[in-house]
Amino acid sequence: RGEEVPIRAPASAPKLRVNIAHAPAAAAPAPVAAVRAVTEACNRHPQSEAAEHCVVCQKPICLECMSAFGYLCSINCRYQAEQRGIAVPVYKFQKRAVEDRAFGKAVWITVAGIVLLLAIFGVWIWYGSVGSKPHLDYAIKLDAPAHVEYFGQGKMLELNSKHVTLYDLKAKKDLWSTALTASEEMSFNSPDFYIDKSDIWISLGNKVVCVNSANGEISKTIPVTGRLVSFTPAQSSILVVSATDETRRTALRIELPSGETKTREIVVPRSERHQLPDELPANVAPTAGVLLKEMDEENKKFHRSIATVSSEFFSAGENLVELRTTMIEAKITTVQTMKPKGPSHINGNTSVSSSTAAIAEEVFNDIKRSNTGGFRNIDESHYQVRLRRWTGQAQPDEWKGDVNGVPYFFSLPTVDLLVAGKSLTVFDKQNKKLFESKLSYPISDLFSESNFEHRLIPAVQTANSLYFFDQGMMTAFDLPGGNVRWRLTSMGITRAQLDPKEALYIDSTSAAPEDLQYIDQIKFDKISPVILKVDSASGKTLWALANQGQQCFLSGKYLYTTSTDMAGIALANALSEALESGHSPGTHFSIFRLDPATGAVLWKYQPESTPESVSFQNNQFLLGGGSEIQVMKFLSF
């Protein structure tokens, strides 16, 4: 039998350890339930997650709790914090903090708004009471009385027979001053002048000088032969007419801006006059006062004559025009200018209810009627008119016609007017008659030949329209045909002007037709001045303003009016008028600023004394008087 030999496992061979680096296995995501278990819930609101812990009890609190208590969980913890002196941080989104900030902001906005409103109200009060009203900017002393007016922006032209000066209103100093030498007959008056862009043309009687506005140098001197008759500027030329003897006139035409001259010698008819009879018309009672004046040879009102042959010269744009008139038949009409004497207020029927004014009016009208007769003479003579126009030829183009009443000539930019009595004839610049029209009334005495050599014109013109006015009506004519577009009845029109939008501003009065008929009647109920704004296309009155100025002036966007009213007691003034004493009780002068859109008065200014001249430029104006010029200004937006 063989011997069992135990089999042993072989000894294990030594093992070699090799360390190999392995990337760490990614951690398995924690189960959702585990995450939820870790997140704290609010102590008061278990459904809400905690955002912080109460600084007193350390309980978790959510954002809802924090909006109510901040970093505290309850009112009790707030009390504990106050008792134990625990500093509790401020949570900016706590409801109270948010409300406090909103309230503070509202208070700031309210205070700021109130301060702003008070400031605006204060500025408005100051502007309305002080800032918008004229105030004296400064005064300029003059060596001698002179004519002054604005010359461009911020400059003033000062002119008399001895010098011309350009003054800088901003710098308050002379820019230049040039000495002048006028003829003896003009040495005491302010000379006529015309401003053509940068040139100032001045008539000194025996010569015309041209002064350069840039440096004050006299660039041209043009002698005038004979006695100066007229100096008439136009847009492109200046006409200077002088008389060498009774029947010879020298027409000197100065072309602008060159200064070239053309001279024409013209023989005119010898002037003749017709003496009116001294006897009173049959319808005029020979009162004692009238009879005494008839005996007074120096009284020109009752001893006067009218021209039967006359010749006048005018500058009509590019043309020289002579108006030559000859009386064919004299006709003087006497018109009653005071009401016939009616029932007396000062007889046995007077009572307590009798009007003091009515009694005073009666007394003063009786005095005036006794003194003057209460009538006037109107020249309605038959005249032959020869309108002679030089258009470049050696001989003039001539229009001849007959008129009733004294003829007057007026020149406008594209048409010329011949007015006589109650008739109007319109001509073009070639002397062609365009149309004629009958007038409701004669033109005012303001436009007679004795007033500024026809520089006042009873009309304004646009390219396609002529707006002409007599004493009681304005008429809009289409040019050149003369079709009447509209008529406006207003008694006492004296001036009209157009603004850039072609609205008409008219100076008129509240007079009735009876007031024009009885022009010498004394009335305590005075006629009021009226300013009208009229639509030039339709003739519609846009607004009318009474007793706030007699004459209006346009300057840029500003509208001014001026008023000169007689000072003193009404009874004393009426008595002076009745006696024709010539006594002047003085005047009150006022300047008004109006709103062009509505006619509302924005302010009224009364200087201490009545100025001799006024010149407006936007929001400032000059008051000239004697040896001082006042520069007035006001604020405007």
Taking only distance into account, with no hydrogens and no angle test, what donor-acceptor pairs under 3.5 Å do side-chain atoms of residues 107-117 form with protein atoms, sequence neighbours excluded?
{"from": "T110", "atom 1": "OG1", "to": "A106", "atom 2": "O", "distance (Å)": "2.7"}

Task: Pairing residues for Q550 by the side chain to side chain contact (heavy atoms under 4.5 Å, CB included) criterion, not counting sequence neighbours - done: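 Once residues adjacent in sequence are excluded, the partners of Q550 under the side chain to side chain contact (heavy atoms under 4.5 Å, CB included) criterion are P529, S563, T564, D565.
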
Task: side chain to side chain contact (heavy atoms under 4.5 Å, CB included) against S444, all qualifying residues, sequence neighbours excluded - done: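 Per chain and number, S444 pairs via side chain to side chain contact (heavy atoms under 4.5 Å, CB included) with L446, F447, Q471.
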
Open item on the list: So L594 and V601, do their side chains get closer than 4.5 Å, heavy atoms only?
Closed with: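 Heavy-atom side-chain distance check passes, below 4.5 Å.
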
Open item on the list: Less than 3.5 Å apart, any donor N or O on the side chain of S590 or Q606 sitting next to an acceptor on the other?
Closed with: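 On atom types as modelled, these side chains qualify, holding a pair under 3.5 Å.
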
Taking salt bridge (charged side-chain N to carboxylate O under 4.0 Å, His left out) as the definition, give me every residue that meets it alongside [X], ordered by chain and number, with sequence neighbours left out.
X: D535; value: none
X: K433; value: E436
X: D515; value: K523
X: E608; value: none

Open item on the list: Suppose we screen for ring pair (Phe, Tyr, Trp, His ring centres under 6.0 Å). Which residues come up paired with F592, at least two apart in sequence or across chains?
Closed with: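 Applying ring pair (Phe, Tyr, Trp, His ring centres under 6.0 Å) to F592 gives none.
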
TODO: Just jot down the ring pair (Phe, Tyr, Trp, His ring centres under 6.0 Å) partners of W126, sequence neighbours excluded, or say none.
DONE: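 Ring pair (Phe, Tyr, Trp, His ring centres under 6.0 Å) check on W126 returns nothing, list empty.
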
Are more than 12 heavy atoms from other residues, nucleotides or ligands located less than 6.0 Å from atom [atom1] of [X]?
X: W124; atom1: CH2; value: no
X: K162; atom1: NZ; value: no
X: K429; atom1: NZ; value: yes

Open item on the list: Under the criterion side chain to side chain contact (heavy atoms under 4.5 Å, CB included), I'd like the reasoning laid out for V530 against S490: C-alpha separation, chi angles, the key distance, then a yes or no.
Closed with: CA-CA 10 Å; V530 176; S490 183; over 6 Å; no

Open item on the list: Would you call the rings of F634 and Y558 parallel, tilted or perpendicular, taking 30° and 60° as the class edges?
Closed with: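 Perpendicular, since the angle between the ring planes exceeds 60°.
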
Can you give me every donor-acceptor pair (side chain of residues 499-507, partner residue at least two apart or in another chain, under 3.5 Å) with its distance?
{"from": "D499", "atom 1": "OD1", "to": "K501", "atom 2": "N", "distance (Å)": "3.0"}
{"from": "D499", "atom 1": "OD1", "to": "E502", "atom 2": "N", "distance (Å)": "2.9"}
{"from": "D499", "atom 1": "OD1", "to": "A503", "atom 2": "N", "distance (Å)": "2.7"}
{"from": "Y505", "atom 1": "OH", "to": "K533", "atom 2": "NZ", "distance (Å)": "3.3"}
{"from": "D507", "atom 1": "OD1", "to": "C552", "atom 2": "N", "distance (Å)": "3.2"}
{"from": "D507", "atom 1": "OD2", "to": "R495", "atom 2": "NE", "distance (Å)": "3.3"}

Give every donor-acceptor pair under 3.5 Å between a side-chain atom in residues 136-153 and any protein atom, sequence neighbours left out.
{"from": "Y138", "atom 1": "OH", "to": "L169", "atom 2": "O", "distance (Å)": "2.6"}
{"from": "K141", "atom 1": "NZ", "to": "E628", "atom 2": "OE2", "distance (Å)": "2.8"}
{"from": "H147", "atom 1": "NE2", "to": "E149", "atom 2": "OE1", "distance (Å)": "3.0"}
{"from": "Y150", "atom 1": "OH", "to": "F621", "atom 2": "N", "distance (Å)": "3.2"}

Give every donor-acceptor pair under 3.5 Å between a side-chain atom in residues 539-549 and any protein atom, sequence neighbours left out.
{"from": "W543", "atom 1": "NE1", "to": "P596", "atom 2": "O", "distance (Å)": "3.0"}
{"from": "N547", "atom 1": "OD1", "to": "S528", "atom 2": "OG", "distance (Å)": "3.2"}
{"from": "N547", "atom 1": "ND2", "to": "S528", "atom 2": "OG", "distance (Å)": "3.4"}

